[in-house]
Amino acid sequence: MPTFEPLPSHLDLPRLEEEILERWQRERIFERGLAQNRSGTPFVFYEGPPTANGLPGVHHVLARSFKDCFLRYQQMLGRRVERRGGWDTHGLPVELEVERSLRIRAKPEIEEFGVEEFNRLCRNSVMEYIDEWERLTSRIGFWLDMADAYRTYDATYIESVWWSLSQLHQRGWLYRGYRVAPYCPRCQTSLSSHELGQPGAYRDDIPDPGVTVRFRLADDPKTSILAWTTTPWTLPGNLALAVGAQITYVRVRQGDERLILARDRLSVLEGDYQVEEEFLGSELVGLRYQRLFPYLEEQEGAWQVVAADFVSTDDGTGVVHTAGAYGEDDLRLCLDLGLKVRHTVGLDGRFLPFVTDFQGVFVKDADPAVMEDLSRRGLLYRSETILHTYPFCWRCETPLLYYALDSWFIRTTAVKERLLEHNRSVHWVPAHLRDGRMGNWLESLQDWNLSRARYWGTPLPIWVCPECQKERCVGSFAELALPEGFDPHKPYIDEITLPCPCGGVMRRVPEVIDCWYDSGAMPFAQWHYPFENQEQFEREHPADYISEALDQTRGWFYTLLAESAMLFDQPAYRNVVVPSLVVDERGRKMSKSRGNVIDPWKLLSETGADALRWWFYTTVKVGQEYRISVRRVAEGGVRFLNLLWNTQSFLVTYANLAGWVPGTGDGDASHVLDRWVLARLAEAVGEARAGLDRYDAHSACRAIQQLVDDTSTWYLRCSRPRLRGGSAESAPAFATLHQVLTETARLLAPFTPFVADAVYQELEVEGAGATGSVHLLPYPEAGPVDHGLLEQMAAVRRLAEDARASREEAGVPIRQPLSAARVTGTELSAELRQVLEQEINVRKVRCTSPDGPLAIELDFELTPELRQEGAVRSLVRQVQSCRKSAGLRPGQPAELFLSGEDRLLEIARLGERQLREQCFLAEVTLAPAGTPVPERLDYRSDVKVEGEVLAVGLGTAGTDAPMHGAP
RNA sequence: CGGCCCGUAGCUCAGCUGGUGAGAGCGGGGCUCUUAUAAAGCUCAGGUCGUGGGUUCGAGUCCCACCGGGCCGACCA
């Protein structure tokens, strides 16, 4: 009965993982882990809810890998780690999916189709891929409680969101405002900044007119102020001209007219001119000019020069044409000046009837007509075509307009300082994001445009009285006396009215809210706070840890922070790990149109989840892009796991052969190699913990990788003679390797949960302390590290390298024993000298002078005895090689036949004992050259030893032959 | 235009608070290993550590400028 289950010779990672997965489910390992730590200190994690109406991609595997490893680690430290899943269910992406399936092309068609049915389809659509998400999440080993996941469309969730909005409203932080936003005249809705960030929204090199226009002074029509614009269609709406108070302007004479523009912009003038006067912009303020078009009504303060801080001399004339409704700066300026702003263009993007000359024309089509009109009246100074970047609707490709609309805003600017302060308390990984990307974003904070003129979302809970304009923000369902089971979505909620103290009937405003607000509300809304679970929420806010990809800086990371700061004056999370983007092998973004998207399932089936996870942790440090391909994951991830597997396979093979039983030889690690590998283990444990404690998976994994590499390529390599069994020293060697591998499995558990558990389960010793899974064990503790030994061994390895190099140079293979070597630069203990002697195959290593540079010098003088020994070794190696080709496993007894020249037979005779032992030979026959190989030996081959040919015959011997090393 | 990140061997990337041959993996050439075998090791690459300055006894590692690549924001008149 072997100690360990014999391992398959080939590691099939995907299959192994499927088996482990089944075991976890069967034995309820996840649940047992949670139960085990029930009384531990909570380690709070927030799951950023994905929108489940699309298929998950590799980048989701990336984020989930990072989420998982720190959670597993904290659980192994004894923390109580709940991981509640969640789904983001509202918003335009969902509506779009449904629009597409209904072949709806414009917003009015939704109303025609019916909002009730439309929203019903949205609700179904959003959960369409949920099975796929759950399957992937489970397959990659991300332990997440999906059975009890929160959903943002749940009534309880919505009620909590309402509560939060009413809190903001009470503080005056939720208000209606008239603002300019990017607006799609076809979809008839403004777009969120998030949508403007969609690929393809901004397009480069879009041609537009660039026109320089004369604004004649009211008191002096021979003098004009020049202003430049790329949107001639906004000129009928002109209300003012803005200049920079501290910018220097000039008046020039050109022909019989005078022109005013910034001194730095004289280059826009065509032809000769004479500068007549220079003055600051402040001197122009208050000048009145003739309006270009007669459509807008007269009002106090209109058509004058004003000062504004946003004016620059980077382009144009240094004078900004200001049309109130079609530019953010413009509108703010006009409102500051107390000017009444009136639209010249309707919601459909066409000129309103009172703009008689252009009425009904779509604005972009009206540009030439406007220019022609100005030109005819001598007001067009210059026109050209410019190329610039311009935003388009990412759904219907209509050019967007900047358009003033009534919207509801959250006054985030009121708490900007608090946001910055809370952000400073967050531990960002990578650190530069805190003051870099996130800090910058907060510094340039604008009020949050919350409302959306759409259908599928959390309804904005504001009721307004049409009579007295009184507005009320509802903070609970009770306030509306909603019946049990009422669906608070549109259109049902719009039926609910409230009596107004003035006697009127209050109706809800039609808008829903930005779905990003929903996700930012998850810390409290997932618990239906404050209506339920108050303690739960208070205990679990802020989160200890969150992790999402880089694109969430202005998304979820921001909405969480903003809402927690405004509602609770707290940060929402203490540690945040932000992996960068996944790109293709050549560094290009993945996109469907480019066809370079990698299906996560392809990777999972070819390389497995652990290889992918390991590759994510180790290939680059957090913050760098992940250039992914199946080939790369195989090179980085599979390779490492394979090395670990081989190491384990070695232990299993030889421990079984030797009949070694765990528990024997423990605590007797007196051999220098054992002490060394245990020191390396202790060092790696310290590094792994240090890395994990600061949320640095990369360093932790690199330390573990180095440990596995050292174990395999140095400890195992040098320990092979002991591990082959037989000697009294083998038990401690087995015990040490067993310990190192078991601890390595525990170190790896957070990162490669499948392979770690497979290794652990293979090696676990039955009886007390056996848990059945590595994931139910504590994380290894770092013991004292023998740094002196580590340094000494490093020197030995360096010396071995140098010795091999000089052997190479001298053309003397390692199998040829040498008599002596001389080491300078260090003093090695006898046991270390022995390691070196064995590794470089030298009889005697002497350390002559401990000072000076580290070096080794080999004595290449060969005695006949040394030569002979080398020849025996060469012969043994050839026979081993034949055994391998013959398919004989180590330990399997065999019969050997050799025939050749006398000189070779002599070598064989001298080395026969060695040959029998090392090659597991029950029978050895030596015969003169030319003797045929006996029939019964199936394997025949000619090998070369010492330059001469030797015929080899190999066959299995009787099973009753004694097995070397067996008890 | 502004912010941030990156620029180290043919390729992909490590190099913590500046300090004793500038590293790993992959690819390629040459080898080796007493059966971990669809494995491992050694060795070769003569790497201006993007360029140019500066600080220092000493810089890939700190500072400045510039060049190149990426991401994000602003491109508004």
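In what follows, every chain begins at residue 1, and chains take the letters A, B, ... in the order their sequences are listed.
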Scan [X] against the nucleic acid and name what it touches under 4.0 Å (heavy atoms): base, sugar-phosphate only, or nothing.
X        : value
A:Gln648 : nothing
A:Glu328 : nothing
A:Leu716 : base
A:Ser712 : base
A:Ser580 : nothing

Quote, to the nearest angstrom, the [atom1] distance that separates [N] from [M].
N     : M     : atom1 : value
B:G23 : B:U48 : P     : 15 Å
B:C44 : B:G50 : C1'   : 27 Å
B:A9  : B:A24 : C1'   : 11 Å
B:A38 : B:G46 : C1'   : 35 Å
B:G18 : B:C71 : P     : 33 Å
B:A14 : B:U8  : C1'   : 10 Å
B:U61 : B:G7  : P     : 11 Å

[options]: which one has an atom nearest the side-chain heavy atoms of [X]?
X        : options             : value
A:Thr713 : B:U34, B:G41, B:C5  : B:G41
A:Arg815 : B:U32, B:A77, B:C5  : B:U32
A:Asn642 : B:A39, B:G41, B:A14 : B:A39

With both distances kept under 3.5 Å, what pairs with [N], Watson-Crick or G-U wobble?
N     : value
B:A24 : B:U12
B:G73 : B:C1
B:G7  : B:C67

What I want to check is whether an N or O donor and acceptor connect the side chain of A:Ser649 with the base of B:A39 at under 3.5 Å. no
Within this structure, what is the [atom1]-to-[atom2] distance between [X] and [N], rounded to whole angstrom?
X        : N     : atom1 : atom2 : answer
A:Asp709 : B:A39 : CG    : P     : 16 Å
A:Arg554 : B:C4  : CZ    : P     : 13 Å
A:Glu625 : B:C5  : CD    : C1'   : 10 Å
A:Arg807 : B:C44 : CZ    : C1'   : 20 Å
A:Asn841 : B:C33 : CG    : P     : 9 Å
A:Arg720 : B:A39 : CZ    : P     : 15 Å

For [N], does either OP1 or OP2 sit under 4.0 Å from a side-chain N or O belonging to [X]?
X        : N     : value
A:Arg873 : B:U34 : yes
A:Arg639 : B:C26 : yes
A:Arg437 : B:G3  : no

Would A:Lys621 and A:Tyr626 count as a cation-pi pair here, with the cationic atom under 6.0 angstrom from the ring centre and within 45° of the axis?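 No, a cation-pi geometry is absent between A:Lys621 and A:Tyr626.
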Would the number of heavy atoms belonging to other residues, nucleotides or ligands and lying under 6.0 Å from CZ of A:Arg694 be above 12?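 For A:Arg694, atom CZ is crowded (more than 12 foreign heavy atoms under 6.0 Å).
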Are [X] and [Y] ion-paired here, with the side-chain N under 4.0 Å from a carboxylate O?
X        : Y        : answer
A:Glu912 : A:Arg916 : yes
A:Arg873 : A:Glu869 : no
A:Arg717 : A:Glu839 : yes

For A:Glu384 and A:Arg382, run salt bridge (charged side-chain N to carboxylate O under 4.0 Å, His left out): C-alpha distance rounded to whole Å, both residues' side-chain angles, the deciding distance at 0.1 Å, then the answer. CA-CA 7 Å; A:Glu384 63 210 310; A:Arg382 175 177 171 171; 3.5 Å; yes
Main chain of A:Gln816, side chain of A:Arg807: is a donor-acceptor contact present, judged purely on distance under 3.5 Å?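 The answer is yes, because a donor-acceptor pair under 3.5 Å joins these two groups.
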